[in-house]
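This report concerns only the one structure given below.
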Amino acid sequence: MTLTGRIKEVASQALQHLFPGTGIEPSMVSVNQTKPEFSGDYTVVLFPFVKLLKLKPDELGRRLGEHLVGMEGSIFTAYQVVSGFLNLSVSDSEWLFFLSRTAGRDDLAPHAATGKKVMVEYSSPNTNKPLHFGHLRNIFLGYAMGEVLKATGNDVVKANLINDRGIHICKSMIAWQRTANGATPESAEIKGDHLVGDYYVRFNDIYKAEVKELVAAGMEEAVAGKEAPIMKDAQEMLVKWEAGDPDVRELWRRMNGWVYEGFEVSYKKLGVDFDKMYYESDTYLLGKEIVERGLEKGVLFKKENGSVWIDLTADGLDEKLLLRGDGTSVYITQDLGTAVLKYNDFKLDQSIYVIADEQNYHMQVLKLILQKLGEPCADGIFHLSYGMVELPTGKMKSREGTVVDADDMMEEMVRLSKEQTEQAGKTEGFTEAELAELYEMIGMGALKFYLLRVDPKKKMIFDPKESIDLHGFTATFIQYAHARICSILRKEGVSYNDYQPAPLTLTSEIAPAEKRLILALEQYASVLDAAADEYNPSLLCNYSFHLAQLFNSFYDVHSISKAESEEKKLLRLMIIVLTAHTLRSAMQLLGIRLPEKM
RNA sequence: GGUCCGGUAGCUCAGUUGGAUAGAGCAUCAGCCUUCUAAGCUGAGGGUCAUUGGUUCGAAUCCAAUCCGGAUCACCA
């Protein structure tokens, strides 16, 4: 149990003992870290009980403080009441006990298995263009959330639903057919996803030119938009695809294959993985029988032209179409089917969708419909909604070529980390291969941290003109603190990976800078829980940065190798090993690696 | 228009779910390398927490209204 949890428990027991029959429970006790300007470690807020017990804050604080400090085996050594706040000092032996119990352990925040099966669907790209900067936020979030949920005891399935069919795919195919002269990734010496993406852009160029021509010939723009030959070709191709036309299917398989090869390279570089791939070409026909059942149950209704709808007006939403008049599916129909498919495939307790907030309404409707249909998968659906990444000029538009490409961005970040490492003159003692790995760690770490450090809900603006910083609130800062610790351990001949805490009894007090670090270290488990409960990996970024900051301040005032005494040296080694392990553990959940030297 | 999300320092963001004098980073300015890595540390300046009212011992946080920005509400995906 965490220390704040214990304090709540002990304090509520004390209050029950002092004031029997008042029914004070741990959850009613508010415990905060004591502000630095007061003495003490944790603070119990007295106000909620002042009214209840009809006592003055000072009187209540004194009695509660006396009791807590006087208790047998108390973890508190002193108390102080300041205007309604009871500041409690935790004993050094308690802190030492925490350190010796935790330092060197493999699992810093052990969790019992919840027995829950949780799917996290993320990435879910279209196969008509390469990944861009916006996808990266999705991918990092999804991966991190999967790891966090694993670390908190869940059985996690990472899934990717590939959008591999539809009119947008046909557009790239048509443009390729018309203009590529049989170009392949090999012949063009370009990644497959980029090659296909180029023809998607090409399609739009041709389309625009054709529309312009038709308008010049006197056609109205709206009509020209539908009549442009290349658009008609794309639609015709989609019909052929659905009919299973062998030539179209062959080209489709070939071009998608190029894209998958390209994606694989990107995913590998991003350091993410998937346990299950779904393809829309397999799932796009699902959902119809669910609609049929809904009709039988009377949850859905048919309009005169045969289209099927659900009435969500009672829930403050609209009527929503589920099947067209001609009996064909719309987008949400296949999502209903896929939700059920996922549930049946893995017996899911929870199904998380990492999708941008522009689909909030869609996801709300999806869940609501499944609930109304009485599908067992419904209640486990959770939309992890995140704000879109925008440019200073607005949204990224692949058709207008304003996207920041994911591969380019990764390359740029690695280049930047190389440049800054060389500038700082920190390349000595590394082999070429080690340097390459270091630049990769720093560059990719900075990129991931940059996209994960903000609350997912909030949209973010990225200015490509400003490079991502390697100073301040960054992964680099955390990596640097970690490398510094490793450097000390090397010097002291202490094993980083097989550390065994030495038995230690303290004869001197724990210093403030030491205490602040220990306090923060003790909070790791609750931060991890909060990240899982709130579906918010940015909490781990904030926490890790804060921890690294505390370490740097500590490092500045206390020497390890030249510690005042042997016991101080042992204590500080324990502290810094645990700090390094905690940083590594937290960053690992975000897919960020920490070098031992930089 | 309906629904949802957001508005905190010049910029980018935290704010432990209602607690003490609202905090970081960047940028600006002033200091700190003979000492375990200066990608660091210490300090300074910088705030009408969008606005107004309410709830109470106490509000950036909860409620109401208003203003501003965004998303969404297709027989599109």
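Chain letters run A, B, ... following the sequence lines, proteins first, then strands; residues in each count from 1.
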Rounding to the closest angstrom, what is the interatomic distance between A59(B) and U28(B) at atom C1'? 33 Å

With sugar-phosphate meaning primed atoms plus P, OP1 and OP2, does D315(A) contact a base, only sugar-phosphate, or nothing at under 4.0 Å between heavy atoms? nothing

Check every atom of G19(B), A39(B), A71(B) against the side chain of F85(A) and return the nucleotide holding the closest atom. G19(B)

Less than 5.5 Å between centroids and less than 30° between ring planes, does F477(A) satisfy that with A39(B)? no

Pairing partner of G31(B), by Watson-Crick or G-U wobble and under 3.5 Å for both distances, is C41(B)

If we only count heavy atoms from C-beta on, is the N32(A) to T4(A) side-chain gap below 4.5 Å? no

Could you say whether the aromatic ring of Y331(A) and the base of A77(B) stack, counting only centre distances under 5.5 Å and plane angles under 30°? yes

Using 4.0 Å as the upper bound for N to carboxylate O, is an ion pair formed by E437(A) and R593(A)? yes

Decide if atom NZ of K597(A) counts as having more than 12 heavy atoms of other residues, nucleotides or ligands within a radius under 6.0 Å. yes

5′-ward residue of the pair A548(A)/D326(A) relative to RNA chain B: A548(A)

Using a cut-off of 4.0 Å on non-hydrogen atoms, how would the nucleic acid contact of T43(A) be classed: base, sugar-phosphate, or nothing? base

Of the nucleotides U37(B), C73(B), G69(B), which has the atom closest to the K459(A) side chain? G69(B)

Indicate, with a heavy-atom threshold strictly under 4.0 Å, whether T476(A) touches base, sugar-phosphate, or nothing. base

NA contact type, P595(A), heavy-atom cut-off 4.0 Å: base, sugar-phosphate, or nothing? nothing

Reckon V454(A) touches a base, only the sugar-phosphate, or nothing at all at heavy-atom distances under 4.0 Å? sugar-phosphate

Residue A424(A), side-chain atoms from C-beta onward, closest of A39(B), A77(B), G40(B): A39(B)

Answer yes or no: side-chain N or O of K426(A) and base N or O of U37(B) forming a donor-acceptor pair under 3.5 Å. yes

Knowing that exactly one of F47(A), Y42(A), F38(A) qualifies, which makes a ring pair (Phe, Tyr, Trp, His ring centres under 6.0 Å) with F85(A)? F47(A)

Check every strand shown and say whether E534(A) touches a base, only sugar-phosphate, or nothing at a heavy-atom separation below 4.0 Å. base

Phosphate-side-chain proximity, S487(A) and U37(B), N/O vs OP1/OP2 below 4.0 Å: yes

Between R484(A) and A38(B), is there a contact of a side-chain N or O with OP1 or OP2 at under 4.0 Å? yes

Could you label the plane-to-plane angle of the F203(A) and Y207(A) rings as parallel, tilted or perpendicular, counting under 30° as parallel and over 60° as perpendicular? parallel

Between A20(B) and N87(A), counting only base atoms on the nucleotide and side-chain atoms on the residue, is there a donor-acceptor pair under 3.5 Å? yes

At 4.0 Å (heavy atoms only), tell me whether G166(A) reaches a base, stays on the sugar-phosphate, or touches nothing. nothing

Quick one: label M388(A) by what it contacts on the DNA or RNA (base, sugar-phosphate, nothing), any heavy atom closer than 4.0 Å. nothing

Compare the aromatic ring of F47(A) with the six-membered base ring of G58(B) and state whether they stack according to the 5.5 Å and 30° rule. no

When rounded to the nearest 0.5 angstrom, what is the spacing between CG in L3(A) and CD in Q523(A)? 8.5 Å

Please determine whether any donor N or O and acceptor N or O are separated by less than 3.5 Å between the side chain of T34(A) and the base of A20(B). no

How is K35(A) classified with respect to the nucleic acid when contacts are heavy atoms under 4.0 Å: base, sugar-phosphate, or nothing? base

So what does Y555(A) hit on the nucleic acid, given a heavy-atom distance under 4.0 Å: a base, only sugar-phosphate, or nothing? base

With heavy atoms under 4.0 Å as the rule, sort T421(A) into base, sugar-phosphate or nothing. base

